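Beneath this line is the structure, given in structure tokens, with notes to follow.
As the structure is a prediction and not an experimental result, all values here were calculated from the model.
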Amino acid sequence: MRAAAARQGRGRTVVADPDPYGPRRRLPAGHASVSDRQGGFRGWSAARRAVSSGLRFTSLRLRLVVVFGLVALTAAVSASGIAYWLNREAVLTRAQDAALDDFEREMQSHAGTLPVHPTEGQLAYAARQMGDGGERFSVLLIAEGKNGESVQGSSGESALDGFTLRDVPASLRKAVTEKQELTSGNKNEYHLYWQRVVDGDTPYLVGGAKVIGGGPTGYMLKSLEPEAKDLNSLAWSLGIATGLALIGSALLAQAAATTVLKPVQRLGVAARRLGEGKLDTRLRVSGTDELADLSRTFNRAAESLEKQVADMSSRDEASRRFVADMSHELRTPLTAITAVTEVLEEELDAETGSVDPMIEPAVRLVVSETRRLNDLVENLMEVTRFDAGTARLVLDDVDIADQITACIDARAWLDAVDLDAERGIMARVDPRRLDVILANLIGNALKHGGSPVRVSVREDADDLLIEVRDNGPGIPGDVLPHVFDRFYKASASRPRSEGSGLGLSIALENAHIHGGEITAANSPTGGAVFALRLPRDTSPLITEDQPKATEGNGV
């Protein structure tokens, strides 16, 4: 049986067990082992830490439900634990006080009337009478015989048959038989002691007392199994109540999370729509809480953004219209000027030498600048088409090698360009726009990189890769990120150059409208490399009568 610590109460010394329903094991008297319980706690803690470390809460709804559940579980477990402890103490105290009071009365009325040296039969008879009382416990009486021997008698007909001195903890036997010193606070030499012990799965109450004046020593053993069953039923009821409280808190948390998160979800959907360019997106606002204030702030921000975008769009449209109108207006006088400069150029090249040598440089400058102005106007009109989204693709199946050869031959670059392309590589592209791309890339390489320029073509899965490589010094590192910016020129010292700074930008826009891309880099062996990547078939890109070009940058 398992013993526990002693305490003083109701004028008699008693021994109490803090947990009679703990580990069910027969242990040495006077000691209670907790190693099994500690090992169980350590294992449970390790498992809890392992599970917690594996959880990753990413959903706000899940976190709300978990928090609500933890709060409800903590409250329910705390309330259940307190209720169980209070009821346990009340039930056990009531049962043990009733048994001890009855045992004390029986000792006074039966054991106290025995002779000084009773026989075994007298002890057994008194024990049976004591055990047949209202509390129904086993009794063991021990006295000194006439010859000084120890005489025992027990209530053999009791329900707890077989109660012997071995069943009484040694600490209890010692406390019962130890003679106390009489003081002002202690009027009796002997006291009634008790202990709650556990044998197997059944808790028991063991009590003992010695009759003052040389009478017998009596021990009682009462089963607390009915009380233990009642407490187990109470524990099950409290556990069920805790589970129901946890389920209710989870449902409440779900309802609260839905109420709280629904406006947040609507805000997220509205933000995504706003990010997709639907600037007329607004939230329906109701209430005066923080989420309602957030919705109002979002609506004000969306309204301000819509207004700013509308203003920017109108200014941008006005700018594009101005550029387009200006380009169209310039074409009329430029047409006349170009015709005159062509005549002047023919006169300069004539063998008669009809142009005065003194004004010949001025005439050549006029011819050159007129051509440059004409190219600039054409480029501006092309850029305006891209910005307005009116650029169209006119697709055709072309042989890439033939297309590049025609581009080089039309500009008299055959001697300065090496072509590495196999015939028969077909692609469905816009031939005119591809010619613009190639002319700008090759012309830029010849102008700024130096000949010979090498143009290579190869197939890469469903794409076509055209590389234009020159033998120049390469592109400076600070210039490389800006080569496709409009009107950007690498050298600030030559703001007036032969180019307009729009060629590479237009080439990039034409690549984008094909669904392709142009990249610029420096070759490890020297020189710059422009790589044009185009899909072999551009037809799937045309989903409307008026395809929209992706706005890009350029030089």
Side-chain angles (χ1 to χ4, degrees), residues 1 3 6 9-17 20 29 92-146 149-180 188-199 202-228:
M1 292 186 180
R10 295 182 59 189
R12 57 193 177 191
T13 305
V14 295
V15 181
D17 183 358
L92 294 178
T93 300
R94 183 171 59 252
Q96 75 188 18
D97 287 350
L100 293 174
D101 289 342
D102 188 41
F103 176 66
E104 189 175 13
R105 288 192 300 270
E106 295 295 333
M107 284 289 292
Q108 292 174 357
S109 60
H110 293 89
T113 60
L114 291 173
V116 177
H117 301 288
T119 64
E120 183 176 346
Q122 290 174 330
L123 292 175
Y125 178 75
R128 284 194 295 271
Q129 285 185 323
M130 293 173 62
D132 290 339
E135 293 298 323
R136 305 292 296 175
F137 44 73
S138 293
V139 179
L140 175 65
L141 296 177
I142 303 174
E144 184 178 350
K146 294 181 179 181
E149 76 279 9
S150 178
V151 181
Q152 299 182 11
S154 63
S155 55
E157 296 180 359
S158 173
L160 299 173
D161 198 6
F163 178 43
T164 64
L165 191 61
R166 291 192 302 270
D167 297 325
V168 180
S171 59
L172 180 62
R173 294 199 302 267
K174 180 180 178 181
V176 169
T177 58
E178 184 176 2
K179 188 175 183 179
Q180 304 292 326
N188 299 313
E189 296 177 341
Y190 300 100
H191 296 276
L192 173 64
Y193 292 88
W194 62 268
Q195 281 183 284
R196 290 202 295 265
V197 296
V198 176
D199 185 12
T202 306
Y204 293 95
L205 174 66
V206 182
K210 183 176 177 63
V211 177
I212 300 174
T217 300
Y219 298 99
M220 56 86 67
L221 178 69
K222 177 176 175 55
S223 174
L224 298 177
E225 186 174 6
E227 288 76 11

To the nearest 0.5 Å, tell me how far Y125 OH sits from M130 CE.
-> 13.5 Å
The side-chain contact (heavy atoms from CB on, under 4.5 Å) partners of E120 (sequence neighbours excluded) come to V151
Expected output: side-chain D167 to main-chain T164 donor-acceptor under 3.5 Å = yes
Y190: what forms a side chain to side chain donor-acceptor pair (under 3.5 Å) with it, not counting sequence neighbours?
-> none
Which heavy-atom pair separates R128 from S154 by the least distance, and what is that distance?
-> CG-O, 4.4 Å
Determine, stepwise, if the pair V139 / E106 fulfils side chain to side chain contact (heavy atoms under 4.5 Å, CB included).
-> CA-CA 10 Å; V139 179; E106 295 295 333; over 6 Å; no
Please step through side chain to side chain contact (heavy atoms under 4.5 Å, CB included) for the pair Q195 and V168, ending with a clear verdict.
-> CA-CA 9 Å; Q195 281 183 284; V168 180; over 6 Å; no
What heavy-atom pair brings L123 and P216 nearest, and what distance separates the two atoms?
-> CD2-CB, 4.3 Å
How long is the gap from OH on Y219 to CE on M107, to the nearest 0.5 Å?
-> 9.5 Å
CD-NZ distance between E227 and K222, expressed to the nearest 0.5 angstrom = 6.0 Å
Closest non-hydrogen atoms of S150 and I142, given as atom of the first, atom of the second and distance, are OG-CG2, 3.6 Å
Are F137 and L205 close enough that some pair of their side-chain heavy atoms sits under 4.5 Å apart?
-> no
Hey, what do you get for OH (Y193) to OG1 (T177), rounding to the nearest 0.5 Å?
-> 9.5 Å
Looking only at non-hydrogen atoms, find the nearest pair between V197 and P169 and report the distance.
-> CG1-CG, 4.1 Å
R105: partners by salt bridge (charged side-chain N to carboxylate O under 4.0 Å, His left out), with sequence neighbours left out = D102
Contact summary for A209 and L192, nearest pair of heavy atoms | CB-CD1, 3.6 Å
Closest non-hydrogen atom pair, G153 against A127 | O-CB, 3.9 Å
Heavy-atom distance under 4.5 Å between the side chains of Q152 and L140, does that happen here?
-> yes
